[in-house]
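Some notes on the structure that comes next.
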Amino acid sequence: DGGITQSPKYLFRKEGQNVTLSCEQNLNHDAMYWYRQDPGQGLRLIYYSQIVNDFQKGDIAEGYSVSREKKESFPLTVTSAQKNPTAFYLCATAPPVSAGELFFGEGSRLTVL
Amino acid sequence: AQSVSQHNHHVILSEAASLELGCNYSYGGTVNLFWYVQYPGQHLQLLLKYFSGDPLVKGIKGFEAEFIKSKFSFNLRKPSVQWSDTAEYFCAVNARAAGNKLTFGGGTRVLVKP
């Protein structure tokens, strides 16, 4: 099936631990994005990548890191430096001429205990 | 930087009622505008989009939105809602100078009572 796969769907971690969220796509889209969704705040952009081996910070990049070694994959690491990591994380992709239209995965819910 | 505001955080209405969700953005340049919907337990999906041309755009499931440039608004409407329209709705703006980056509003949770 074509699409975007995020894993795990649910994740619990203790404070002080890093955790990596996976995002894989087989849509052959160049651009990939990570958003964080919090109630009442909508979606906020963490990092994005327009092409392999290149990525840029979004609006709330502090405490997060990413890599883009393959076109299909854009993992997000939530580090212990992220002060409020409990949230719903959404991965999205876009083809080259999308004019902003994004395609979303089903999300990963991270809870820090 | 652009910002997007949605006026209502929660809306509750009965089936067959009309729905209008407000969306305003702040950006002086050319924009592309979107409404996304997130049904319970499902991923975000595109409801409709405006790039250029007729400012009244129609989307899926009977939704439409009107772009009013002078008011920096892109309000979403549906004349008669159904219980299945219960969802969270997000307005989003892409400033064409910003490439493919989307800025989202805070979302509006809509509950349609049967």
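All heavy atoms count here, side chains included; hydrogens, waters and symmetry mates do not. By convention in this document, chain letters (A, B, ...) are assigned in the order of the sequence lines, proteins followed by strands, and residues within each chain are numbered from 1.
- Residues B/Phe104 and A/Arg44 are not in side-chain contact: their nearest non-hydrogen atoms beyond the backbone lie 4.5 Å or more apart.
- No part of B/Gln42 comes within reach of chain A, as not one of its non-hydrogen atoms sits under 4.5 angstrom from that chain.
- Distance check: B/Thr103 OG1 to A/Leu43 CG gives 11.0 Å after rounding to the nearest 0.5 Å.
- In this structure, the side chains of B/Lys101 and A/Gln50 stay at 4.5 Å or more apart for every pair of heavy atoms.
- Dense packing is recorded around CG of B/Leu56, with more than 12 heavy atoms of other residues, nucleotides or ligands lying under 6.0 Å away.
- In the hydrophobic cluster analysis, where Ile, Leu, Val, Met, Phe, Trp and Tyr join through side-chain heavy atoms closer than 4.5 angstrom, B/Phe74 is grouped together with B/Phe72.
- Atom CD1 in A/Ile4 sits 8.0 Å away from atom NE2 in B/His43 (nearest 0.5 Å).
- Other residues sharing a hydrophobic cluster with B/Ile12 under the 4.5 Å side-chain heavy-atom criterion for ILVMFWY residues are B/Leu111.
- In the hydrophobic cluster analysis, where Ile, Leu, Val, Met, Phe, Trp and Tyr join through side-chain heavy atoms closer than 4.5 angstrom, A/Ile51 is grouped apart from A/Leu45.
- In terms of heavy-atom proximity, B/Leu102 sits nearest to A/Tyr35 at O-OH, 2.9 Å.
- Neither the backbone nor the side chain of B/Gln45 comes within contact range of chain A, judged by heavy atoms closer than 4.5 Å.
- More than 12 non-hydrogen atoms from other residues, nucleotides or ligands lie less than 6.0 angstrom from CZ of A/Arg13.
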Residues 100-113 of chain A, side-chain donor-acceptor partners within the protein, below 3.5 Å, at least two apart:
| unit_1 | atom_1 | unit_2 | atom_2 | d |
| --- | --- | --- | --- | --- |
| A/Glu101 | OE1 | B/Lys49 | NZ | 2.7 |
| A/Ser108 | OG | A/Pro8 | O | 2.6 |

